[in-house]
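Heads up: the structure comes next, in structure tokens.
Residue numbering restarts at 1 for every chain, and letters A, B, ... go by the order of the sequence lines.
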Number of protein chains: 2
Amino acid sequence: MKDQDGSITADDVAVLAGVSRWTVNRAYKKEASISVKSREKVMKAAETLGYVPDLLATSLATDRTNLVALLVDDFANPHKLVMMERLTRILRKSGYDTLLVNTSDEEDASAALLNASQRRVDAAVLIGVSFNDQSLEAALGAKRVKKLIVFARMSGNDNTISICCDDSASMTALTQYVFSAGYRNPVFIAGPQTQSAHLQRKEVFLSQWERTAGKRPDFLPVGSYDPKMAYDLIAKTFRGLAKSELPDVLVCENDALAMGAIDAIRYELGLQVPGDIAVTGFDDVPQAASPHYELTTYRQPLTDMAKALVDVLEGKSNSKDLNTFLGRLVTRESA
Amino acid sequence: MKDQDGSITADDVAVLAGVSRWTVNRAYKKEASISVKSREKVMKAAETLGYVPDLLATSLATDRTNLVALLVDDFANPHKLVMMERLTRILRKSGYDTLLVNTSDEEDASAALLNASQRRVDAAVLIGVSFNDQSLEAALGAKRVKKLIVFARMSGNDNTISICCDDSASMTALTQYVFSAGYRNPVFIAGPQTQSAHLQRKEVFLSQWERTAGKRPDFLPVGSYDPKMAYDLIAKTFRGLAKSELPDVLVCENDALAMGAIDAIRYELGLQVPGDIAVTGFDDVPQAASPHYELTTYRQPLTDMAKALVDVLEGKSNSKDLNTFLGRLVTRESA
DNA sequence: GATATTTTTGCACCCGCGTGCAAGAAAGTT
DNA sequence: AACTTTCTTGCACGCGGGTGCAAAAATATC
């Protein structure tokens, strides 16, 4: 029995179909020169044998794996789950599979990256946050990685393609909304301050607000996009302050921070949201819609961004301006 | 230049080191018979050239990819994020990479699965929920998948290895806790009722409670492990009922449902948790600890389970009793 | 110093499929 | 019918490395 080890090769199909192995493979190639008869014979034989072409061998021969490494380092943020779902689904639709690489452990990050490159991924997509320059550099150092893409985040590195929504436009919209809603004393809750790949939300908000309201707001950087961390920091920072010393709105860099903020305001400061302090987020994670948070936030056009990613992978990305995606402000009760 | 296309092969290293290609490869094999001198020469040459063995070629030759497909179909449950983090990290530590396969789209599920098998994954790990029998069957049909593992869930299929915590023990503990806390009128909030791979929590709870309190509780099946769905169903089911008609505790199959339940109780029924209706969950997702939920729940020993998974992958799993992991009850304010 | 052992190394062939080219078959021309 | 042109097909060789065995080198034995 040929298939006793469970693997049927093109050769097996070839003998059954009465053609050569190469004809078998041609049958699977869309634009191959092969007669309809042969293709049918092959396909029928393939079906009865349960043959499927081996992607390993194909990849080795073509130097194209149709594999994308997705580097994630921040599993505390529920938005990552949303991104993963969207990316894997859309990538799959275009024929790509996703290698999930956990880079949350600093030590293992470069090893994991090296490993992915040894698998000759067609591209590495970073949806992490605290990618310090070493990690990025390591990624670039792995020559085998043909493309390095920073997703949903700007990149300062030239060897990198970044696909993200227009932080400037989005934060401007948010700023205007917050201002016109009557808030006058905001504090910006920022995430980790990274160098290579970062968000511009803080800068945009601070300068936009200054331009609009005349004074530059304070900001509070949280060590990571973790609701708990935001909770603790906000509790620590604002506890015991008089009403007049408190901000009237916390503009948070994303929903993870915003949810921590809301909890802290309610359960540590004993205040109302939005009555005493309003809160805004960014991302529109599923939980943001819960009646408990009712978070005013900004939803990125993830599907479009993912499609742009596919275009980049297939080399048909027209230009470099992939940082101008526009999402939409989702206004709820929290501000 | 050899490396103009970015790929240095063992041959390149061989000429630099002045040995044959085979000696180069031997240098990378731990128990290979090679003189220390040669190994050093090779390693030095490899380093200056930046050589790393190609995993694609290795996999093809050895029929071992060190790749595990992780099939996920339920991205609404934050616990999935926790599992993914844990699994990817521990698998990586043992030399495995993870292929993330999104099977949430029913149509694409089998295609995705087929694709994974074409990559000759060493195993497919299901951490999904609504795997109906077709999906499972499809997975088994893909001969190339050497092992099929159902993680954190029982499997009725014999060709499948299931690694999960002891639903019986855990739910018994939970039942006892709830009963001794004085609750007498529980309703069980169940997830989708699947066949092949399912949880036994409902059955265990119902029978345990019957044994303890004398009467079999009602249960409410939710279409998916989605907080929103649970929210809507609970709102619809209990709205307008008199206090006496309401349960005093909702025992939920997992935290996702429990969080939806809590929100519904508070924001739709206008009642207190746990004052009017208490709630318990299962999984101990990060959000369960938030002051808003303070959810009493049960934490599975994910790390141990992941390690057991590695044992299975490496073929050194002693027996079939991988369903007896014990977690611990985490008691908080919600019940 | 010659022979027997053991260690190290090289090599042919294989994993499953892709590419470019040349031979063979089919279709089109006059 | 003989000859072109076009379509199909087969094949050598390559992708990068693993395996088992035999030749070569190093070491041990008497």
Salt bridge (charged side-chain N to carboxylate O under 4.0 Å, His left out) between B:Arg120 and A:Asp54, intermediate numbers included: CA-CA 8 Å; B:Arg120 300 218 218 160; A:Asp54 186 322; 2.4 Å; yes
Residues A:Lys80, A:Asp74; criterion salt bridge (charged side-chain N to carboxylate O under 4.0 Å, His left out); working and verdict: CA-CA 7 Å; A:Lys80 289 295 183 292; A:Asp74 170 30; 3.6 Å; yes
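Put simply, B:Ser7 has a side-chain N or O that comes within less than 4.0 Å of OP1 or OP2 on D:dG16. Contact annotation: B:Tyr51 reaches the phosphate of D:dG17 (side-chain N/O to OP1 or OP2, under 4.0 Å). Close to D:dG16, at under 4.0 Å from its OP1 or OP2, lies no side-chain N or O of B:Thr9. In this model, the phosphate group of C:dT8 is not approached by any side-chain N or O of B:Thr23 to a distance below 4.0 Å at OP1 or OP2. Between A:Asn25 and C:dG18 there is a side-chain N or O to OP1 or OP2 distance below 4.0 Å. For D:dG17, the OP1/OP2 oxygens have no side-chain nitrogen or oxygen of B:Thr62 closer than 4.0 Å. Contact annotation: A:Lys29 reaches the phosphate of C:dT19 (side-chain N/O to OP1 or OP2, under 4.0 Å). Using a 4.0 Å cut-off, some side-chain N or O of A:Ser38 falls inside it from OP1 or OP2 of D:dT9.
There is no side-chain donor-acceptor pair under 3.5 Å between A:Ser104 and A:Asp73.
Between B:Asp54 atom CG and C:dC15 atom P there is a gap of 18 Å when expressed in whole angstrom units. Nucleotide C:dC17 holds its C1' atom 15 Å from the CG atom of A:Asn66, rounded to whole Å. When rounded to the nearest whole Å, the span between CZ of B:Arg64 and P of D:dT19 equals 12 Å. Regarding A:Lys37, its NZ atom lies at a distance of 10 Å from the P atom of D:dT9, rounded to whole Å. Here the C1' atom of nucleotide C:dC17 and the CD atom of B:Gln118 are 13 Å apart, to the nearest Å. Per the geometry, OH belonging to B:Tyr28 stands 13 Å off C1' belonging to D:dG16, to the nearest Å. Summarising the geometry, the separation between CD on A:Glu40 and P on D:dT8 is reported as 13 Å, rounded to the nearest angstrom. When the P atom of D:dA25 is taken as reference, atom CD1 of B:Ile34 falls 17 Å away, rounded to whole Å.
For A:Leu60 and A:Val36, each mapped to the nucleotide of DNA chain D holding its nearest heavy atom, the one lying further toward the 5' end belongs to A:Val36. Toward the 5' end of DNA chain C, the nearer of the two residues A:Ala61 and B:Ser33, judged by each one's closest nucleotide, is B:Ser33.
When each of B:Leu91, B:Ile161, B:Asp304 is tested with B:Leu309 by the rule side-chain contact (heavy atoms from CB on, under 4.5 Å), just one qualifies, namely B:Leu91.
If you check C:dC17, D:dT9, D:dG16 against the side chain of A:Arg120, the one that comes closest is D:dG16. Of all nucleotides listed (D:dG16, C:dC13, D:dG10), D:dG10 comes nearest to the side chain of A:Trp22.
Checked against the 6.0 Å centroid criterion, the rings of B:Tyr225 and B:Phe75 do not qualify as a close aromatic pair.
Evaluation of atom-type donor-acceptor distances gives no pair under 3.5 Å for the side chain of B:Arg26 against the base of D:dG18. Side-chain to base pairing of B:Arg21 with C:dG10: no donor and acceptor N or O lie closer than 3.5 Å to each other.
Of the charged side-chain nitrogens involved, none lies within less than 4.0 Å of a carboxylate oxygen, so that A:Arg89 and B:Asp105 do not count as a salt-bridged pair.
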